[in-house]
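In what follows, chains carry the letters A, B, and so on, assigned in the order in which the sequence lines appear, proteins first and then strands, with residues in each chain numbered from 1.
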Amino acid sequence: MSRLIQNRIGNTLLRLKPQPSILIKNLSTSPEPSLDDESSQSSHIWNVIIARAGGDSEDEVFHRLSNDPLCNRVTLSDTLLNKLLHRFRDDWRSALGVLKWAESRKAHKNHSPEAYDTAVDILGKAKKWDRMKDFVEKMKVDNTVTLNTVAKIMRRFAGAGEWEEAVNVFDRLNEFGLEKNTESMNLLLDTLCKEKRVERARSVLLELKAHIKPDAHTFNIFINGWCKTNRVEEALWTVQEMRGYGFRPCVISYTTIIKCYCLQCDFIKVYEMLSEMEANDSPPNSVTYTTIMSCLNSQKEFEESLRVAARMKRSGIEGDTLFNNCLIHTLARAGRVEEAERVFRDEMPSVNTSTYNSMIAMYCHHDEEEKAVELLREMESLKVCEPDVHTFHPLLRSCFKRGDVVEVGRLLKEMVTKHHLSLDESTYTFLIQRFCRADMCEWAYCLFEEMISQDIAPRHRTCLLLLDEVKKKSMHEAVERIEHVMRTVKLTAPVK
DNA sequence: ATAGGGTTAG
C-alpha cells in the first residue's frame with residue numbers, strides 16, 4: 001500500500017479518541033532498548049538501520065544509509081546483512097539498497113554468496129524478472145553463480161507459472177560454469193513436480209535420460225509429483241519403473257504414497273502399505289507414523305491416532321521431536337493431560353517452540369492457565385527455544401474468555417517488547433474479532449489501523465464485522481476509513 | 001525443496 005494512505009491513517013489515529021495507548025504505543029513502534037543490555041544495544045542499531053532503509057528507490061535507501069553516521073559505524077557482518085535482507089524480503093528496493101550499501105562498505109566487495117542468492121530470491125519473489133536477470137548476469141561475470149542460485153531462480157520462475165524459463169535456466173547451466181548432471185537435473189525435475197507440472201517433468205526426463213542417469217532421488221521426486229496431483233496410480237507405476245532401473249523403493253517412496261492415501265482418507269490402503277513396508281524390509285519410520293497420525297488428528301480420530309503411536313512404539317522405533325509433538329497434541333485433544341505431561345517431561349531429549357505451544361494450548365484448554373504461564377516463563381528462562389505468536393494465542397483466548405482485557409494488553413505488550421514478535425494477519429483478525437465481541441470496538445479499530453499501516457490486508461469478513469460495530473457506536477470517521485480501505489485495498493478471503 | 005505438527009473456532 002502507498003505511503004500516502006499510511007500518512008492518512010496516521011492522521012486518523014491522531015484524531016481518534018479515546019486512545020487505547022497500550023495498543024497504539026506498543027504494537028507498531030520498535031521496542032525501547034533497556035539499559036546495559038547488549039542485545040538491546042544491537043536491537044537499537046537494528047531499528048536505526050531499518051528506519052533508514054525504508055524508501056521508494058534503492059538509490060534513496062543507499063544514500064540515506066551511506067550518509068548516516070551511526071549506520072556507518074556499524075560493523076556489517078554477513079550475519080547482519082543476511083538478517084537485513086530477510087527483513088526486506090518483500091521490499092526489493094530496500095533490499096537492493098541495503099546490499100549496495102553493504103558492498104560500498106567493504107574494500108573488496110566479497111560478501112558471502114548467500115547474500116547474493118537472497119537478493120536473487122527477493123527479486124524473483126517480486127517478479128522483477130529483468131532486474132533478476134541483470135543481477136544474475138553480473139554474478140555470472142564474477143563467477144559466483146552456484147547451484148543454490150540456480151535453484152532460487154528456477155523455483156521463483158516456476159512458482160510464478162514461468163516454468164519454460166525454469167527449463168531455459170537449466171539449458172544455460174554451462175554458461176554459469178555449472179554442470180548438467182543428475183543433481184542439477186533432479187533440481188529442475190523437483191521444481192517442475194512441486195509446481196504440479198509432473199507431465200512436463202516427465203518429458204524433460206525422457207529428453208535428458210540419454211545423457212544423464214536418473215538416480216533413486218529422481219524417482220522419488222516423480223512419486224511425490226504424482227501424489228501431489230492425487231495420481232497415486234502413476235506413483236505406484238513409478239515405483240515399478242524405479243525397480244526396473246535397479247533402485248529399491250525406500251521409506252521415503254512409501255511414506256510419500258501413504259501421505260497421498262491419507263489425503264484420500266483411504267485408511268485401508270494406508271495400513272496395507274504399512275504392512276507392505278514391514279514385509280519389504282523398508283520399515284516405516286517416525287516420519288511415516290507422524291504423517292498418519294496428523295491425518296487422523298485432522299479427522300479428529302484421536303484414539304485411532306494413539307493406536308498408531310502404540311504400534312510404532314511396539315516396533316521399537318524411537319519417536320523424534322516432531323513425532324512427540326504430534327503425540328502430545330493427540331493426547332491433549334484426547335483429554336489425556338497426565339500422559340501428555342509424562343511425554344513432555346520424560347520422553348523428549350529435545351523440545352522446540354511447537355512442543356511448548358502444544359502444552360500451553362492444552363493447559364489453556366483445560367482452564368489451567370497458571371500452568372500455561374508457568375511454561376511460558378520456563379521457555380523464557382531456559383532459552384532452548386523462543387515463543388512465537390502461536391505460543392500466545394491460547395493465552396490471549398483465555399484472557400478474553402475471562403473478560404480480562406487488561407491482561408490481554410499486558411500479553412500483547414510482552415509479545416512485542418519482550419519477544420520482538422510482530423502480530424501477523426491471523427493474530428490481528430482474532431484480536432479484532434474478540435474486541436468487537438467484548439464490545440470494545442475502539443480497540444478493535446485501532447488494531448485495524450495498525451494492521452493497515454503494517455501493509456497487512458484484512459479479510460473481507462473482518463472489515464464487515466468491524467464496520468458493523470463502529471456504525472453501532474456512531475464512530476463516523478472510522479466508518480469512513482473502513483469503507484475507504486474496503487474500496488482501495490485488496491482484501492483477502494478467509495483461509496478455508 | 002527427496003517424506004512429517006499445530007492454531008484462536010458457538
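Side-chain N/O atoms of A/Asn297 and A/Ser294 include no donor and acceptor closer than 3.5 Å.
At least one donor-acceptor pair under 3.5 Å links the side chain of A/Ser275 to the backbone N or O of A/Tyr271.
The side chain of A/Pro394 lies closest to B/dT8, out of B/dG4, B/dA3, B/dT8. Of all nucleotides listed (B/dA1, B/dG4, B/dT8), B/dA1 comes nearest to the side chain of A/Asp190. Residue A/Asn285 has its side chain nearest to B/dA3 when only B/dG5, B/dG6, B/dA3 are considered. Side-chain proximity of A/Asp320 to B/dG4, B/dA3, B/dT8: nearest is B/dG4. Closest to the side chain of A/Val251, out of B/dG6, B/dG10, B/dA3, is B/dA3. Distance from the side chain of A/Ser286 is smallest for B/dG4 among the nucleotides B/dG5, B/dT8, B/dG4. With B/dA3, B/dT7, B/dG4 as the candidates, the nucleotide lying closest to the side chain of A/His329 is B/dT7. Residue A/Asn325 has its side chain nearest to B/dG5 when only B/dG5, B/dA3, B/dA1 are considered.
If you check every strand for non-hydrogen atoms under 4.0 Å, A/Lys259 touches sugar and phosphate atoms only. If you check every strand for non-hydrogen atoms under 4.0 Å, A/Thr429 touches nothing. Contact annotation for A/Asn324: no contact, since no heavy-atom pair falls under 4.0 Å across all strands. As judged by a 4.0 angstrom heavy-atom cut-off over every strand, A/Phe323 is placed among the base-contacting residues. Residue A/Ser253 is classed as having no contact, given no heavy-atom separation below 4.0 Å to the nucleic acid. The residue A/Asn186 sits apart from the nucleic acid: no heavy atom pair falls under 4.0 Å. Among the heavy atoms of the strands lying under 4.0 Å from A/Arg155 is at least one base atom, whether or not backbone atoms are also near.
The base of B/dG4 lies outside donor-acceptor range of the side chain of A/Thr288, with no N or O pair under 3.5 Å. Between the side chain of A/Ser294 and the base of B/dG4, no donor-acceptor pair under 3.5 Å is found. A donor and an acceptor atom never sit less than 3.5 Å apart when one is taken from the side chain of A/Ser426 and the other from the base of B/dT7. Interface remark: the A/Asn224 side chain does not form any donor-acceptor pair with the B/dA3 base, using a distance-only criterion of under 3.5 Å. For B/dG4, its base never sits under 3.5 Å from the side chain of A/Thr291 at any donor and acceptor pair.
Both cation-pi conditions hold for A/Arg202 and A/Phe222: the charged atom is under 6.0 angstrom from the six-membered ring centre and inside a 45 degree cone around its axis.
For A/Glu303, the CD atom counts as densely surrounded, since its 6.0 Å shell holds more than 12 non-hydrogen atoms of other residues, nucleotides or ligands. No more than 12 heavy-atom neighbours from other residues, nucleotides or ligands sit within 6.0 angstrom of NE2 on A/His365.
B/dA3 atom P lies 11 Å from atom CD1 of A/Ile223, rounded to whole Å. One atom, NE2 of A/His365, and another, P of B/dG6, lie 16 Å apart when rounded to the nearest Å. Rounded to whole Å, the distance from CD1 on A/Ile292 to P on B/dA3 is 17 Å. Here B/dG4 presents its P atom at 17 Å from CG of A/Asn352, a figure rounded to the nearest Å. To the nearest angstrom, P of B/dG10 lies 11 Å from NZ of A/Lys401. When the C1' atom of B/dG6 is taken as reference, atom CG of A/Leu327 falls 14 Å away, rounded to whole Å.
Comparing B/dG5 with B/dA1, their P atoms sit 15 Å apart, to the nearest whole Å.
Note on A/Lys228: every side-chain N or O is 4.0 Å or more away from OP1 and OP2 of B/dA3. Contact check, A/Asn220 against B/dA3: no side-chain N or O comes under 4.0 Å of OP1 or OP2. Taking side-chain N and O atoms only, A/Arg437 has no distance below 4.0 Å to OP1 or OP2 of B/dT8.
Checked for salt-bridge contact, A/Glu341 and A/Arg336 miss the test: no charged N lies under 4.0 Å from a carboxylate O.
Interatomic distance, CE of A/Met139 versus OG1 of A/Thr144, reported as 4.0 Å (0.5 Å rounding).
More than 90° away from 0 lies the glycosidic angle of B/dG6, which makes this nucleotide anti.
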